[in-house]
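What you see below is based on every heavy atom in this structure, not just the backbone, and it leaves out hydrogens, waters and symmetry mates. Throughout, a chain's letter reflects where its sequence line sits, starting with A, and its residues are numbered from 1.
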Amino acid sequence: MLTKAPRGTRDILPAEAERWSFVEKQAAEVCRLFGYAEIRTPVFEHTELFLRGVGEVTDIVAKEMYTFKDRGGRSVTLRPEGTAPVVRAFLEHGLAAEAQPLKVYYTGPMFRYDRPQAGRYRQFHQFGVEVFGANDPTVDAEVMVLALTFFRRLGLSRFSLHINSVGCPACREATRFKLRTYLAASLAQFCPDCVGRYDKNPLRIMDCKVEKCRELTDGAPVMLDNLCSPCAEHFREVREALAVLGEQYVVDSRLVRGLDYYTRTAFEIVSPALGPQSLCGGGRYDHLLKTIGGPDLPGIGFAVGMERTLLAMEAAGTNPSAAGRLEVFVATAGSVPGWEALKTVTELRLCGMAADKDYLGRGLRAQLKSADRKGAKLLVILGDEELARGQAVVRDMHSGTQETVSRLDLPVRLACLLRED
RNA sequence: GUGGGUGUAGCUCAGGUGGUUAGAGCACCAGAUUGUGGCUCUGGGGGCCGUGGGUUCAAGUCCCAUCAUCCACCCCA
């Protein structure tokens, strides 16, 4: 136990961390292009924030939160999602007073006490964006395109965008009533989960994966067909905007997202590599700010699963690992003391070159092997004879050619050789 | 939370119906090459056989539990 990471958590070792940095960098760059500024919030919040924000009947709140009392007796919760904390920060700092709309993004760990499996962890990471203060359908389209652009920059192409509208509180309540009436007669034939959903959230019955339930709901009233006219118009304009941008999408009238706060637009990006797990999920939440005690401002956002994104990249064979970051390896030969190499690598490092050396007192042969494995482009050998003449040997690790250079000229010569590469 | 599969070296895996000091490949270290990497050859270090209990003269092997992991659900990123 002592040497094992807790269930559902994992270490990201150096080789993999490189891929993470790449993905995070792409996220930051896409956000810059789209005009989204970074925001960082704490990893834990007052428990009430999630109870109110995410919704008490959601699975996340009902059974997946890491909640505990701190030493002062306050109930705090490791954030299970990113939207509620960002909304909280927005309200706390009065950002509503600034230029509208506010567009922000975040990356970081989230926590849910779930049963782990491939692509699902108890500590997982999300990249997400939020826009506050804009109702316009072009914003809905923009955030979707932002997500799609992000995935494309990572070299992914086999994914698809699914969209739906879950309406506003008014038309949703009307549809709930219709749906309950429709289902009442056949309720006994549904799976136990769906029977439970009948009271809590009948719309989610439409999203059940059980074949029998799907058949039973085939002719059921669907949210999409029962939108009030403002919601229907909004959805039409979202689709129009996507069409204008040339984005393919699938309207999935059964798509219902699990968080209570969604209104109108709901969307998911799925990849065949991940099966039923989605790569990205998001939607509009026009009343969340008010629910949390703020002004009645609309909002929209999405969250991308970083682990799932990495899995999809692996499946697609897109491996951006830039191995061989090391530029110069400095070796010593004969009786040359280790501090000569230390002096040289330090000098090279201060000149802006990635330089490294041996630390185990190994022989020249082993040092070359080490340099090779680290991917060094150039090798400097400090030997007795050369040092006596104030020189050093420079070897090109790729071609194997060598030259003797004055130690004083070493940084300049190495820099030149690296530039030619 | 439900159902199922799997846990042997850092990694991928062998170890018929229980039977001596548990193996291979890759990786790592060293030597062959006393100052030159990749290829080759030789040698070496590494294992509470996931953990705990049980059956037995004897358990990596059989039984139970537990933990971990994977898959399918639930749900979600």
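The two residues Leu382(A) and Val336(A) have their closest heavy-atom pair at O-CG2, 3.5 Å. Taking both residues in full, the closest heavy atoms of Gly119(A) and Arg308(A) are given as O-NE, 2.8 Å, listed atom of the first, atom of the second, then distance.
Of the two residues contacting RNA chain B, namely Pro6(A) and Arg308(A), the nearest-nucleotide position lying further toward the 5' end is that of Pro6(A). Nearest-nucleotide assignment on RNA chain B puts the 5′-proximal partner with Lys369(A), out of Lys369(A) and Ala118(A).
Residue Arg115(A) places no side-chain N or O under 4.0 Å from the OP1 or OP2 atom of G1(B). Taking side-chain N and O atoms only, Arg7(A) has a distance below 4.0 Å to OP1 or OP2 of A68(B). The side chain of Arg373(A) contributes an N or O atom lying less than 4.0 Å from OP1 or OP2 of C28(B).
When both pairing distances are held under 3.5 Å, U56(B) makes no Watson-Crick or G-U pair with any nucleotide shown. The partner of C11(B) is G25(B), judged by Watson-Crick or G-U wobble contacts that both fall below 3.5 Å. Nucleotide U69(B) is matched to G5(B) when pairs are restricted to Watson-Crick or G-U wobble geometry with both distances under 3.5 angstrom.
Between atom CG of residue Leu368(A) and atom CD1 of residue Ile381(A) there is a gap of 6.0 Å, rounded to the nearest 0.5 Å.
Side chain of Arg79(A) to backbone of Met110(A): no donor-acceptor contact under 3.5 angstrom is found.
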